[in-house]
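Below is one structure, written out as structure tokens, with a few remarks after it.
It should be emphasised that the depicted structure is a prediction, and the values quoted were computed from it without experimental measurement.
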Amino acid sequence: MRARNATVNAMRAAAVSGTFRALFAAAAAAVLLGAGPPQPARDVLLVCNQDDATVSFIDLATHRIVRTVDLKALGFSANAKPHHVAVEPDGSAWYVTLIGENRIVKLDPEGRVLGQAEFETPGMLAFHPTEDILFVGRSMTAVNPPRRIGVIRRSDMSIEEVDIFFPRPHAMAVAPGGTVYTASLAVNQIAAVDPATERVQLLDVAGPAHALMQFAITPDGKTMVVSGELSHQVLVLDITSPMEPRVVASIDVGPQPFDPVITPDGRKAYLGNKAANTITVVDLEKRAVAAVIRGEGIIQPHGAAVSPDGRYVYISNNNLSAPAGSHIGHGGPPAKSAGPGTIVVIDTATDTIARVIEVGRNATGIAVGRLAVGTHDGE
């Protein structure tokens, strides 16, 4: 590992300085973000609006937006490009990767910056289940990023990097036992990493060029799926021997599968098909497609999350326009927002659309967490 310096926590430094100006600025920022009396914790969906440099908070009980954190108001640029989010299990903080700023930012439930870590073109995030560690991969927009993943100590946002040895490490997941998995968008390889020993084991994946997009792991930690954006497949892996994952099935799921999510009972996986404007449901017991969902709001589906009780699955949608004859995603030309992004809410009992929620432009990475969030900026 090679240690890298975390960026200075600007708000902490301002508070230490003790100047009236710094304190006034901090107070103004708190008012702007809606800070106030302690709020009760609630289950929320965090949505990265990549083209707006904002993050929306959706209350899972009402499916209404209760807050929008404007990263520009926190000093980041309009090109910050928030891409993926993760929420501390105890609700004390949340994290967002900013592609345009080359950093990962830690914020409190009210949206105030707690710390930052510099990292070239950060992408997907995953927590270690027991240690003070957050893992980060590279964004798919990075053409030739370093062949390393990031290892962040969450308590102080210091960061190190681990060599993975293959190009474009994007997919990121951590098994219940702590084994870390990442995969390449450029070659058919998956890496299993033991954080305690820094051992890296590479798995060659057979088949056509997959562009391995993102993982999801069953709650029992025995099975992992990964989407292949270019091969239009979902690969099922046995990870009962965590450092030696084995591909045990491949399932054709349609054009350009993106981020999968698995229900809490481990029975079904859901993922969007970006090029088809559909959502595919995979029966993990039968290892077959169980349903294909079409309808309002499904416009270049991207991220996926599930409610804690498994009742609803949430799929973010970019709603972008691309030049005629091209596709949006891996290897495609730059696309522009055609309108607001959406969150499509899927009822898992019926595999039908229960609700469509408009959010900011180019909705990408999403995550569910429990945070003490007030009811303002949208409710």
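- Atom CD1 of Ile190 sits about 5.0 Å away from atom CG of Leu203, to the nearest 0.5 Å.
- By the 4.5 Å heavy-atom criterion applied to side chains, Tyr95 and Val136 are not counted as neighbours.
- No side-chain heavy atom of Ser92 sits under 4.5 Å from any side-chain heavy atom of Asp108.
- Distance alone, capped at 3.5 Å, is enough to place a donor-acceptor pair between the Asn317 side chain and the Ile299 backbone.
- Using a 4.0 Å cut-off between charged nitrogen and carboxylate oxygen, Asp59 and Arg64 do not count as a salt-bridge pair.
- A donor-acceptor contact shorter than 3.5 Å is absent between the side chain of Gln256 and the backbone of Leu230.
- Ser316 places a side-chain N or O within donor-acceptor distance of the main-chain N or O of Thr364, the cut-off being under 3.5 Å.
- Nearest heavy atom pair, residue Ile251 against residue Ala288, reads CD1-N, 4.1 Å.
- Side-chain N or O atoms of His210 include none that pairs as donor or acceptor with a backbone N or O of Leu212 at under 3.5 Å.
- A distance-only check finds no donor-acceptor pair linking the side chain of Asn273 to the backbone of Ala276 [under 3.5 Å].
- Here the side chain of Gln300 pairs a donor or acceptor atom with the backbone of Leu320 at under 3.5 angstrom.
- In this structure, OG1 in Thr342 is found 14.0 Å from OH in Tyr314, a value given to the nearest 0.5 Å.
- Put simply, the side chain of Thr280 gets close to the backbone of Val253: a donor and an acceptor are under 3.5 Å apart.
- Counting only residues at least two apart or on different chains, no salt bridge (Lys or Arg N to Asp or Glu O under 4.0 Å) pair has a member in residues 199-219.
- Clustering of Ile, Leu, Val, Met, Phe, Trp and Tyr side chains at separations under 4.5 Å places Val344 together with Val261, Tyr270, Ile279, Val281, Ile293, Ile298, Val306, Val313, Ile315, Ile346, Ile353, Val356.
- Taking the centre and axis of the six-membered ring of Phe119, the NZ or CZ atom of Arg148 falls outside the cone set by 45° and 6.0 Å.
- For the residue pair Thr54 / Asp70, no side-chain donor-acceptor distance below 3.5 Å is found, with atom types taken as modelled.
- In this structure, the side chain of Arg103 engages the main chain of Glu101 through a donor-acceptor pair within 3.5 Å.
- For residues 342-366, every residue pair satisfying the salt bridge (Lys or Arg N to Asp or Glu O under 4.0 Å) rule, not counting sequence neighbours, is listed here: Asp52-Arg361, Lys268-Asp351.
- Arg42 places a side-chain N or O within donor-acceptor distance of the main-chain N or O of Val373, the cut-off being under 3.5 Å.
- The pair Asp309-Arg311 does not count as a salt bridge, with every side-chain nitrogen at least 4.0 angstrom from each carboxylate oxygen.
- In this structure, the ring of Tyr312 has its center less than 6.0 angstrom from the ring center of His63.
- Taking the six-membered ring wherever Trp is involved, the centroid distance between the rings of His302 and His83 falls below 6.0 Å.
- Apart from Met243 itself, the hydrophobic cluster it occupies contains nothing, where clustering links Ile, Leu, Val, Met, Phe, Trp and Tyr at side-chain heavy-atom distances under 4.5 Å.
- Among pairs with a residue in residues 237-264, those fulfilling salt bridge (Lys or Arg N to Asp or Glu O under 4.0 Å) read Asp238-Arg246, at least two apart in sequence or across chains.
- Because its NZ or CZ atom is both nearer than 6.0 Å to the ring centre of Phe258 and within 45° of the ring axis, Lys274 counts as a cation-pi partner of that residue.
- In the displayed structure, Arg370 atom CZ is contacted under 6.0 Å by more than 12 heavy atoms of other residues, nucleotides or ligands.
- With no hydrogens or angles considered, no side-chain donor-acceptor pair links Ser77 and Asn79 at under 3.5 Å.
- Rounding to the nearest 0.5 Å places OG1 of Thr223 at 10.0 Å from CD1 of Ile217.
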Would you give me the side-chain donor-acceptor pairs under 3.5 Å for residues 177-186, sequence neighbours excluded?
unit_1 : atom_1 : unit_2 : atom_2 : d
Tyr181 : OH     : Pro242 : O      : 2.6
Thr182 : OG1    : Ala171 : O      : 2.7
Ser184 : OG     : Pro167 : O      : 2.6
Ser184 : OG     : Ala186 : N      : 2.9
Ser184 : OG     : Val187 : N      : 3.0

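- Glu120 has no carboxylate O lying under 4.0 Å from a charged side-chain N of Arg147, or vice versa, which leaves the two without a salt bridge.
- A donor-acceptor pair is defined here as one N or O able to donate and one able to accept, closer than 3.5 Å; such a pair exists between the side chain of Thr97 and the backbone of His84.
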**OP:** Determine, stepwise, if the pair Cys48 / Ile366 fulfils side-chain contact (heavy atoms from CB on, under 4.5 Å).
**Re:** CA-CA 6 Å; Cys48 291; Ile366 59 178; over 6 Å; no
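- Taking CZ of Phe166 as the reference point, atom CD of Gln189 lies at 6.5 Å (rounded to 0.5 Å).
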**OP:** Determine, step by step, whether Arg67 and Glu110 satisfy the salt bridge (charged side-chain N to carboxylate O under 4.0 Å, His left out) criterion, reporting the C-alpha distance in whole Å, the side-chain angles of both residues, the deciding distance to 0.1 Å, and the verdict.
**Re:** CA-CA 9 Å; Arg67 170 168 301 159; Glu110 289 292 333; 3.0 Å; yes
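- Ionic pairing of Arg154 and Glu88 is present here: one or more N-O contacts between side-chain nitrogen and carboxylate oxygen are shorter than 4.0 angstrom.
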